[in-house]
Amino acid sequence: MPRHVAIIMDGNGRWATQRGLPRAAGHRAGTENIRRVIERFADHGVQYLTLYAFSTENWNRPQREVRALIRLLRYFIRRELNNLHRNGIRLQMLGHIETLPEWLQQQVRDAIALTRENDRMVLNICFSYGGRDDIVMAIRGMIADGVAADDVTEELVGRYVMTAGMPDPDLVIRTAGEQRISNFLLWQSAYAELYFTDTYWPDFGREDTDIALAEYGRRKRKFGGLLEEDLEAFRDRGT
């Protein structure tokens, strides 16, 4: 079972278009779907769940859609906060929260404070987040702290990226048929298993979660090395 699962929640707009609905309806349906996915992963014992809600590039979308997505963050917190807290879920936000309206920043801070001691699962919402930006911010942080070039290591960089203190994702899921990671957790996903499904995010439910986890369970992770059975071919059978 993976400790950390990350999801690119794609296909809300296409889900709505297929039904003759405005794109905003698709985003709302996608937001309402988050609860059942959180609950299913928590039931399986996943310790960290990271959801890609809004990228740094999403600011380039039409302002009407951007405003709708920001309102959905408020809607999610209002709708789900008490349920998350009751179920022991700790909420964290990754990205540039300072780009949000001040009233929503305060709402986010209050939600994080309320759930801070929960330990069943950590739920990361990536809002105004980009993988390249994450790396740039880490570099800036090291420079500001006076880190010498010779002291920079992968371990050190890991302490400066936004997921510092968390394990890297074991499994990255993308819905809606696209097969790319779209600037999501670039540093952290170096050895993650990737799973792509044609299912649109609003329809990605408990059974889809189980299928993704079962597929992960069939994967053999080598991290650049060899598995024990692969090493047999290199061993001297006489020793």
Side-chain angles (χ1 to χ4, degrees), residues 1-12 14-15 30 33-53 55 87-90 92 94-95 119-126 129-132 134-135 138 153-155 157-159 161-235:
M1 190 59 59
R3 291 182 65 195
H4 187 171
V5 175
I7 306 179
I8 302 172
M9 305 179 293
D10 198 13
N12 294 334
R14 280 169 283 172
W15 180 92
N33 182 48
I34 292 175
R35 175 190 288 188
R36 62 178 177 174
V37 174
I38 292 172
E39 291 175 348
R40 194 60 173 176
F41 279 117
D43 288 343
H44 280 291
V46 172
Q47 298 172 18
Y48 297 84
L49 181 63
T50 301
L51 304 179
Y52 202 14
S55 73
N87 285 282
I89 310 298
R90 178 182 176 184
Q92 296 193 151
L94 306 182
D119 58 6
R120 184 184 180 199
M121 173 194 276
V122 174
L123 172 65
N124 298 311
I125 302 294
C126 293
Y129 173 89
R132 288 182 173 180
D134 193 356
I135 296 169
T153 63
E154 291 186 14
E155 181 182 2
V157 175
R159 297 204 296 266
V161 293
M162 295 181 187
T163 54
M166 307 179 204
D168 288 339
D170 303 293
L171 173 65
V172 176
I173 298 170
R174 181 165 189 156
T175 59
E178 304 293 347
Q179 298 189 16
R180 57 181 180 273
I181 58 175
S182 296
N183 200 21
F184 182 48
L185 298 177
L186 297 181
W187 176 269
Q188 298 88 337
S189 298
Y191 282 103
E193 295 295 321
L194 306 180
Y195 176 81
F196 302 107
T197 174
D198 290 335
T199 303
Y200 293 142
W201 173 249
D203 292 329
F204 188 90
R206 293 178 174 86
E207 182 178 355
D208 300 281
T209 300
D210 294 345
I211 292 171
L213 291 175
E215 173 60 26
Y216 173 83
R218 288 190 286 268
R219 305 279 180 92
K220 295 182 177 181
R221 306 184 74 195
K222 300 181 181 180
F223 298 97
L226 293 176
L227 298 174
E228 185 64 26
E229 57 264 33
D230 298 325
L231 290 171
E232 291 297 327
F234 296 93
R235 291 192 175 120

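The first residue in the sequence is number 1, and the count goes up from there.
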Could you check whether any side-chain heavy atom of [X] comes within less than 4.5 Å of a side-chain heavy atom of [Y], counting everything from C-beta outward?
X: Met9; Y: Asn33; answer: no
X: Asp170; Y: Met1; answer: no
X: Asn183; Y: Ser55; answer: no

Hey, is the main chain of [Y] close enough, under 3.5 Å, to the side chain of [X] for a donor-acceptor pair?
X: Thr175; Y: Asp10; answer: yes
X: Arg14; Y: Ala176; answer: yes
X: Trp201; Y: Gly30; answer: yes

Check your understanding: Can Leu171 and Leu213 be said to form a side chain to side chain contact (heavy atoms under 4.5 Å, CB included), step by step?
Key -> CA-CA 9 Å; Leu171 173 65; Leu213 291 175; 4.2 Å; yes
Check your understanding: Quick one: side-chain hydrogen bond (donor to acceptor under 3.5 Å, both in side chains) partners of Arg159, sequence neighbours excluded?
Key -> none
Nearest-0.5 Å distance that lies between atom [atom1] in [X] and atom [atom2] in [Y]:
X: Asp43; Y: Met121; atom1: CG; atom2: CE; answer: 8.5 Å
X: Ile8; Y: Thr50; atom1: CD1; atom2: OG1; answer: 11.5 Å
X: Arg206; Y: Asp210; atom1: CZ; atom2: CG; answer: 9.5 Å
X: Ile38; Y: Leu49; atom1: CD1; atom2: CG; answer: 6.5 Å
X: Asn124; Y: Arg90; atom1: CG; atom2: CZ; answer: 9.0 Å
X: Asp134; Y: Leu94; atom1: CG; atom2: CG; answer: 8.0 Å

Practice item. Evaluate the side chain to side chain contact (heavy atoms under 4.5 Å, CB included) criterion for residues Phe204 and Thr209: first the C-alpha distance (whole Å), next the side-chain angles of each, then the deciding distance (0.1 Å), finally the verdict. Key: CA-CA 7 Å; Phe204 188 90; Thr209 300; 3.6 Å; yes
Considering all heavy atoms, the nearest [X]-[Y] contact:
X: Asp198; Y: Gly177; value: OD1-CA, 3.4 Å
X: Cys126; Y: Tyr129; value: CB-CB, 3.8 Å
X: Pro167; Y: Tyr48; value: CD-CE1, 3.3 Å
X: Gln179; Y: Phe196; value: CA-CE2, 3.5 Å
X: Ala6; Y: Leu185; value: CB-CD1, 3.7 Å
X: Pro2; Y: Val46; value: O-CG2, 3.7 Å

Practice item. Take Arg180 and Arg174 through the side chain to side chain contact (heavy atoms under 4.5 Å, CB included) test and state the conclusion after the steps. Key: CA-CA 8 Å; Arg180 57 181 180 273; Arg174 181 165 189 156; 3.4 Å; yes
Practice item. For the residue pair Tyr52 and Phe184, categorise the inter-ring angle as parallel (less than 30°), tilted (30 to 60°) or perpendicular (more than 60°). Key: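 Parallel.
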Exercise for review: For the residue pair Gln188 and Asp168, confirm or rule out a side-chain donor-acceptor distance under 3.5 Å.
Suggested key: no
Review point. Got a salt bridge between Arg218 and Glu215, using NZ or NE/NH1/NH2 to carboxylate O under 4.0 Å?
Key: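 Salt bridge between Arg218 and Glu215, a charged N being under 4.0 Å from a carboxylate O: yes.
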Check your understanding: How far apart are the C-alpha atoms of Ile7 and Phe41, what are their side-chain angles, what is the distance that settles it, and do they pass the side chain to side chain contact (heavy atoms under 4.5 Å, CB included) test?
Key -> CA-CA 12 Å; Ile7 306 179; Phe41 279 117; 3.7 Å; yes
Practice item. Taking atom CZ of Arg120 as the centre, report whether more than 12 heavy atoms of other residues, nucleotides or ligands fall under 6.0 Å from it. Key: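 Check passes, neighbour count above 12.
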